[in-house]
**Q** 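Got a structure for you, questions after.
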Number of protein chains: 2
Amino acid sequence: MKKITMQDVALKAGVSKSTVSQYINNRFEFMGASTKLRVEAAIKDLGYIPNQVAKSLKQKKTGTIGVIVANILHTFSTEIIRAIEDECERNGFHLFVCNADDQPEKERAYIDMLVAKQVDGLIIFPTNGNYDYYKQLKNAEFPIVFVDRMINEAIFPTLLLDNESASRIAVDQLVKKGKKKVGLVSTSITQHVTPRIERINGYKKAMAEYGLEIEEDWIIAQDKQEIGNRLQHLWDSANRPEAFFATNDLALIELLKFIKKNGLSIPADIGVIAIDDSPFLAIATPPISVIRQPTFEIGQDAAHTLLELIGSKDFKEEYEERRYLPILVERESV
Amino acid sequence: MKKITMQDVALKAGVSKSTVSQYINNRFEFMGASTKLRVEAAIKDLGYIPNQVAKSLKQKKTGTIGVIVANILHTFSTEIIRAIEDECERNGFHLFVCNADDQPEKERAYIDMLVAKQVDGLIIFPTNGNYDYYKQLKNAEFPIVFVDRMINEAIFPTLLLDNESASRIAVDQLVKKGKKKVGLVSTSITQHVTPRIERINGYKKAMAEYGLEIEEDWIIAQDKQEIGNRLQHLWDSANRPEAFFATNDLALIELLKFIKKNGLSIPADIGVIAIDDSPFLAIATPPISVIRQPTFEIGQDAAHTLLELIGSKDFKEEYEERRYLPILVERESV
DNA sequence: ACCACTTACTAAACCGGTTTAGTGCGAGGA
DNA sequence: TCCTCGCACTAAACCGGTTTAGTAAGTGGT
């Protein structure tokens with residue numbers, strides 16, 4: 001693996017590497033017509049590909065951004081990533097994608113790694129636990145955009161779902177179909193993850209507005225291994241819900257497993273609605289109603305916002321928190 | 001965003017940057033105990049993070065590899081990526097993941113980009129159309145591993161499923177349950193993609209061995225938008241299959257949509273078996289039997305093989321083609 | 001007192017580009 | 001004829017690290 005360098009091209013074309021560099025950067029006004037042709041030929045002959053690492057070092061930019069998702073297992077994450085990728089591609093940027101696996105230490109290690117690799121900016125689904133570190137990056141004027149979750153201060157632009165509206169829509173749907181005893185299934189809230197907290201709050205508010213009782217037992221917010229047991233326990237008790245609102249796709253899968261195991265029929269025995277869609281939900285039996293997040297829009301906006309931040313010189317003290325409206329997809333499960 | 005450099009640390013600690021460099025690389029034998037402490041303090045005080053780009057330039061290695069998947073929409077692709085990621089993480093490597101979208105030109109552009117970014121090696125799901133370019137990279141001794149698909153010469157290590165065995169298992173299952181009229185649903189084969197071709201051949205061989213007739217009409221290998229129409233057309237004709245073998249997840253989704261639309265019941269009206277699993281298939285109604293690929297193993301081996309290739313100096317003329325055994329997951333759809 | 005040897009450290013070249021200041025030359029103007 | 005200017009091009013510094021060769025000071029042996 002002996003690599004061709006600009007010097008090799010220069011030698012072959014009989015010019016200096018400065019001229020080759022100008023050629024590579026399409027600044028043809030710095031050379032004569034015949035020189036241009038000779039350089040062109042030399043590059044093609046040698047199969048020269050410029051070394052981006054050298055270029056990045058000198059120019060102090062890599063054309064690369066880092067994305068750290070809290071948990072890659074959510075379809076929400078993968079869809080956002082895809083949208084970010086598209087927007088970056090359009091602007092000649094490339095991506096390092098990292099999965100923090102909901103662990104703040106992992107997140108921190110990835111931030112360090114990405115900063116060391118000189119990414120031009122970061123899109124982070126923040127875990128709760130690196131506030132000081134974010135603050136430090138803020139001071140260094142490092143461009144960052146937060147997605148899906150908020151931290152206590154809006155030190156960077158933050159894009160996320162209007163979670164309370166999503167919950168309201170879910171409760172509306174269920175109530176409209178006569179389900180007054182509504183339970184909720186969520187993954188664990190021990191880490192105070194924004195969307196889960198807000199969705200639970202939204203659910204409580206909506207229930208209260210309908211004058212419906214909220215049984216604390218009906219709110220299951222556990223690690224996914226535990227959800228099945230809790231559901232079973234609740235189901236076996238005297239006071240069961242008639243419907244469940246699953247606040248994300250992982251919670252929904254656990255809910256569906258439980259329903260399958262108990263041979264229940266949707267929506268007759270139990271109504272179901274969830275946040276986050278998947279191609280399989282449309283062809284499930286019955287098709288599951290969901291509340292979609294505008295993932296494409298969020299991802300694209302996140303990338304766009306970050307690229308703007310990278311391009312601008314003035315850093316603000318505070319940034320806006322942008323909320324996105326959820327989209328109801330009515331199918332046959334409520 | 002004013003970055004701290006090694007020079008800043010050196011100044012603050014009152015040493016030369018050579019010494020700081022030695023410290024960063026844990027070569028403490030090159031400095032006295034007190035110096036070590038001063039450097040340590042300076043690094044912490046300044047929050048210094050070494051610039052990997054500069055390091056990469058000098059050392060001619062980036063600790064980064066590129067992965068180009070043919071089509072990211074297959075769960076197979078995402079699972080392989082996850083396994084590659086794990087193995088790389090364990091070895092301190094990072095990943096650029098690119099989606100060629102089944103287009104050779106896109107693939108080529110990504111290869112160029114990744115080579116320019118000085119990745120240490122590539123894992124490619126090759127599209128058919130860049131043979132000459134692969135050959136060129138081979139001559140330059142650039143480390144590459146192919147996954148999922150073969151090209152006509154084994155110029156790089158190639159890891160893929162034993163596709164004919166997978167088809168045999170599928171036919172076995174269907175026949176065992178009395179389904180003798182077996183159709184096949186695949187995505188398009190106009191690009192001669194290895195797994196699709198081999199799975200169709202395997203299906204034909206297996207059917208022949210059972211002495212079962214193969215109707216060319218029963219083999220649907222089309223772009224996914226077309227699959228539904230073809231299925232409907234076939235179903236409306238006089239001579240329908242009693243079961244379908246879907247050769248990948250995208251084909252399966254189209255098949256299930258068709259089944260849903262026609263209100264057919266699985267397996268009574270129509271038996272179904274597919275290659276590639278997904279969490280939803282286990283909770284589908286009825287649960288769908290599948291043939292899993294050992295994605296974790298393939299991905300891990302691919303990464304391991306590549307890292308070995310990167311570490312070694314001697315390049316072989318030819319490399320082995322490694323085949324992986326498919327795994328049957330019996331559920332209730334046949 | 002002198003030499004050899006270790007210890008602790010530094011200077012400077014190097015990686016492969018980019019970029020700025022500058023040079024040699026021929027043409028045009030006074 | 002001399003001066004100025006623009007054209008075509010180059011030399012060299014620079015980006016931020018790594019690495020090698022080298023040096024100054026101190027130690028121990030004879």
**Q** Sort out for me which residue in D86(B), I72(B), T295(B), I123(B) forms a side chain to side chain contact (heavy atoms under 4.5 Å, CB included) with I81(B).
**A** I72(B)

**Q** What I want to find out is whether R323(B) reaches E321(B) closely enough, with some N-O distance under 4.0 Å, to be called a salt bridge.
**A**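 E321(B) and R323(B): salt-bridged.
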
**Q** If the cut-off is 4.0 Å, is R27(A) near the phosphate of dT18(C), judged by side-chain N/O to OP1 or OP2?
**A**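 Checking dT18(C) against R27(A), no side-chain N or O comes under 4.0 Å of OP1 or OP2.
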
**Q** In whole Å, I'd like the distance from the OH atom of Y23(A) to the C1' atom of dT18(C).
**A**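 Interatomic distance, OH of Y23(A) to C1' of dT18(C): 18 Å.
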
**Q** Please name all residues satisfying salt bridge (Lys or Arg N to Asp or Glu O under 4.0 Å) with R90(B), sequence neighbours left out, ordered by chain then number.
**A** E87(B)

**Q** Could you run through nucleotides 7-16 of chain C and give me one letter per nucleotide, 5' to 3': B if any protein heavy atom sits under 4.0 Å from the base, S if only the sugar-phosphate is that close, - if neither?
**A** -SBBBB-BBB

**Q** Under the salt bridge (Lys or Arg N to Asp or Glu O under 4.0 Å) rule, collect the residues that match up with D102(A), sequence neighbours excluded.
**A** R149(A)

**Q** Looking at CD1 of I80(B) and CD of E297(B), how far apart are the two atoms once the value is rounded to the nearest 0.5 Å?
**A** 10.0 Å

